[in-house]
Amino acid sequence: MSMDERYDPRSIEARWQARWEEAGAFRAGRRAPAPRRYVLEMFPYPSGAMHMGHARVYTIGDAIARHARMRGFDVFHPIGFDALGLPAENAALKDGRHPAERTRENIATFRTALKSMGYSFDWEREIATCDPEYYRWNQWFFLKMLERGLVYRRTGLANWCTSCLTVIANEQVVDDDRCERCGSAVVVKEIPEWAFRITAYAEDLLAGLAELGEWPERVTTMQRNWIGRSEGAEVDFAAGGEPIRVFTTRLDTIFGCTFVVLAPEHPAVARLATPERRAEVRAFVERMARTDALARTGEGAPKEGVFTGARARNPYTGEEVPVWIANFVLAGYGTGAVMSVPAHDQRDLEFARQYGLPVRVVIQPPAGERLPAAEALPRAFTEDGVAEDCGAWSGLPSSEARRRMAAFARERGFGAPAVRWHLRDWGFSRQRYWGTPIPIVHCDEHGPVPVPESDLPVLLPPQAIITGTGEPPLAKVPEFVRAACPRCGRPARRETETMDTFVDSSWYHARYLSPRDDRRPFDPEEARRWLPIDVYVGGPEHAVMHLLYFRFWHRVMHELGLTHEKEPCRRLVTQGIVNGPDGRKMSKRWGNVVEPGPMVARFGADTVRLFMLFAAPPEKDIDWSDEQVEGLHRFLQRVWRIFHARQDCFGAPPAALAGAGGPFLELRRRTHRTIQRVTQGLEGDLKFNTGIAALMELVNDLHRLEPAAAADRAAVREALLAAAALLAPFAPHAAEELWHEVLGPPVRDRLLCEEPWPSFDPVLVASDVVTIAVQVNGKLRGEVQAPASAGEAEVRELAQGQGRVQAHLAGKALRKVVFVPRRLINFVVG
RNA sequence: GGGGCCGUGGCGGAACGGGUAGACGCGGGGGACUUAAAAUCCCCUUCCCCGCCAGGGGAGUCCCGGUUCGAGUCCGGGCGGCCCCACCA
């Protein structure tokens, strides 16, 4: 036996990484008949070096993947790079290096770093989204979605510099209407953009959440809120030619409506403004359009508005109320117009008080006290109550009033019940270089024409002219812009905007299935085999954007016949942040950044991995701690030493196990209980920390025992083999090494990572003697050892035999005895 | 303002469906080994009180109340922290 006494991760880690790779141990699909498991971690954006957050996600995912493999599953565990995006472009602005070049380099660095951690990825399926062979399928999906009406062009308002001829950000507008760079006039212009009609799936995305029982509730709740279904009604207020349609969830309050407010962008504003007010209205609209969105509509923003001069007729009361426009009404929600009921809506009340508009109470609290008079109302009463002064609906509870009033509107044809969503369509045009070109050609005659599928991919031109302004860089590459209209062949202009990078991450999980396929985005047969993802690990910050787009896209793929299920992923695990040693978020500013690279060099990947798993359960934030890391490193050394010290047990015959007695029978029990506990920590709740703690206890026991007889040595050998196998998902390199040490010279094609997961003997796990707590009136007064099978009478006798228990029982009447088998007995006295 | 999560030793954290609170690790203390130190191995470590020891008593999971034989766990009300959304009509 040539076992080094010293634990030296440097040499063993590199060696096992090479062995795994040679053996192709992590290739998916090599155990074809076995049940499958798709374990995925969110792919990284390769910016410079790997950081601790990455080390944590991939360590968690890898422990799951390695365990599943040992459980006999055919495991799919791919990795790739989310390589397009803003950071590479911003970095290019500083040093002029081409994003492609920088990205290629970063990926290489990242790949090396990931490999040094020993993650069990199937590297043959690696993808990078900046590869045309990847993004051409973004373009393909775009075309398919265009065909289905799921992509459309809409206009949004943007600042347009009349001299630079480009879109500029609100922050770049100075002195109200001047361009920061050239001082020329800035106008608000309608700029077209591309959007995905995700709202068509609002209902289905919401309903689907019910099936995601293995997603953290906070994520499904966030999605539910984000989709934001609200039920209400739409009604028309007559105003001159065409009516103003408002959406409300509180139709029951409409008798209290004293004015109507439109968003500044509402299309009817120009028509409604009376001649004497037109100038003022226009000025307000233009100012609002230029104001930063957050400053304008944020909750803290002061309410501002102007009267249009127009009046609108309340269809229920026949009353004419003034029409205003104001900053707090959002064009994008509901109908962009609201009926204002200051007595029963706080925003409306504030606005009414500010502009001297009337307040009218029409709902009273259901029971007890009445609201003060309208003028004295301290704040709006926004709860449901009972309608008052509401014509035929007076006296009805709010919910009933809403229902009947909506039905009335439908009968009379001026409105109907309606459902509105908070979810907006996904605008995905970006005025950026480092993204997927949108496959469209603009023809003077035919407008926007899709690029035929056979002409894909539309390649990103190598000339990167990074503008850093709102202007699309691709517009500055004439060779790119110049194109022929696919329909008529005449000269036309290519679309110069690129896609949001959330497009890339919406379907990458499927591309892994057949990453080199050049005929389709992925092979539906493979999808049938591997999808949906069984476990997806990533940060909770992606709860709404990525994870919602990803669910949307999967539905589209389902409708295209590419996948057989609507939902992409069964179980989601959201992991917490790795903070600096000071408990603050790692940041250059605090000087508390710790990188995995140097830590791996110092302690080895296994130690860093153990730290990530032992510090806390996956979903909790953790603080990096040098002391804890050293402790985990000491643990591995301690494991190493015990294996070395017990070399004489390696050859012990398993047949001798039956003879183990005394402390060595206890050791056997401990071994089997450890198998049980580690297994539980890996399945179900994912509590790696307690699993590792159990392993530490086993190792501590081994250190305390000195085997002599053959049976003792067999028990020790059993414990050592179990320890190595249980360690494999967490500290895989050390585990392989130790496993092979016990078994003798390694057999070339037998790797621990492919061995079956150890099983425990239920007989050994169930101890035959248990400690039972003895309480008197719920207070602990002693404990007794009893056979596990002991009944109440037996335990009671043992307990009452104890002096201390007797002392507490003395002179009191025994009223009741509560007995919990194997756990406790409680004497209730009085 | 709305929604969600969470408050346990000096610290990170354990505690299966209410059943011995503090597993395991860090830090700290003591001992063994050593000429010495480091490393290692063993033991102790929630707090307070009584006791020479053995041991015993009390308090204790953010606070107040409730349910229960029994509450870290369940219920109600506070306080504090973190995260997400945020003038969504």
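Basis for what follows: all heavy atoms, side chains included, without hydrogens, waters or symmetry-related copies. Just so we're on the same page: letters track the sequence lines, and every chain starts at 1.
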OP1 or OP2 of [N] versus the side-chain N and O atoms of [X]: is any pair under 4.0 Å?
X        : N     : result
A:Asn700 : B:G25 : yes
A:His422 : B:A89 : no
A:Lys779 : B:G58 : no
A:Arg673 : B:C16 : no
A:Arg638 : B:C41 : yes
A:Ser230 : B:A89 : yes
A:Arg804 : B:G56 : yes
A:Arg224 : B:C85 : no
A:Arg823 : B:C16 : no
A:Arg781 : B:G58 : yes

Could you give the distance separating [M] and [N] at their [atom1] atoms, to the nearest angstrom?
N     : M     : atom1 : result
B:U45 : B:U8  : P     : 22 Å
B:U35 : B:G28 : C1'   : 28 Å
B:G27 : B:G65 : P     : 40 Å
B:G60 : B:G10 : P     : 16 Å
B:U40 : B:A54 : C1'   : 33 Å
B:A89 : B:G18 : C1'   : 45 Å
B:C82 : B:G13 : P     : 16 Å
B:A21 : B:A15 : C1'   : 7 Å

Task: Ring centre gap for A:Phe502 and A:Trp426 strictly below 6.0 Å - done: no
TODO: Measure centre to centre between the rings of A:Phe237 and A:Phe259, then say whether the value is under 6.0 Å.
DONE: no
Closest to the [X] side chain: [options]?
X        : options             : result
A:Glu697 : B:G13, B:U20, B:C24 : B:C24
A:Thr690 : B:C24, B:A23, B:C41 : B:A23
A:Pro617 : B:A89, B:A14, B:G19 : B:A14
A:Glu627 : B:C69, B:C88, B:G27 : B:G27
A:Ala693 : B:A15, B:U20, B:A23 : B:A23
A:Gln775 : B:G19, B:A14, B:U40 : B:G19
A:Leu330 : B:C87, B:C88, B:A14 : B:C88
A:Arg704 : B:C87, B:C43, B:A14 : B:C43
A:Met696 : B:C88, B:C24, B:C69 : B:C24
A:Trp226 : B:G58, B:A15, B:C85 : B:C85

Within the structure shown, what part of the strands sits under 4.0 Å from [X] by heavy-atom distance: base, sugar-phosphate, or nothing?
X        : value
A:Arg420 : nothing
A:Asn225 : sugar-phosphate
A:His633 : nothing
A:Glu541 : nothing

Task: Gap separating the CG atom of A:Asp626 from the CZ atom of A:Phe603, nearest 0.5 angstrom - done: 6.5 Å
- [ ] Rounded to the nearest 0.5 Å, what's the gap from CD1 on A:Ile692 to CG on A:Leu613? Could you check?
- [x] 5.0 Å
Is any side-chain N or O of [X] under 3.5 Å from a base N or O of [N], one able to act as donor and the other as acceptor?
X        : N     : answer
A:Arg347 : B:A89 : yes
A:Gln628 : B:G25 : yes
A:Lys620 : B:C6  : no

- [ ] Could you point out which residue of A:Asp348, A:Asp345, A:Asp384 forms a salt bridge (Lys or Arg N to Asp or Glu O under 4.0 Å) with A:Arg250?
- [x] A:Asp384
Open item on the list: I want to confirm an ordering. Mapping A:Ala337 and A:Thr221 to their closest nucleotides on RNA chain B, which one lands closer to the 5' end?
Closed with: A:Thr221
TODO: Take A:Ala616 and A:Val828, find for each the nucleotide of RNA chain B with the closest heavy atom, and name the residue whose nucleotide sits nearer the 5' end.
DONE: A:Ala616
Open item on the list: Hydrogens and angles aside, do A:Tyr7 and A:Thr607 bring a side-chain donor and acceptor to less than 3.5 Å of each other?
Closed with: no
Now, which nucleotide makes the Watson-Crick or G-U wobble pair with [N], with each of the two distances under 3.5 Å?
N     : result
B:G51 : none
B:U20 : none
B:C41 : B:G31
B:G80 : B:C6

Task: A:Phe414 and A:Tyr316 aromatic ring geometry - parallel, tilted or perpendicular at 30°/60° bounds - done: perpendicular
Task: Cation-pi check, A:Lys303 onto A:Phe351 ring (under 6.0 Å, within 45° of axis) - done: no
Open item on the list: How about CZ on A:Arg815, more than 12 heavy atoms from neighbouring residues, nucleotides or ligands closer than 6.0 Å, or not?
Closed with: no
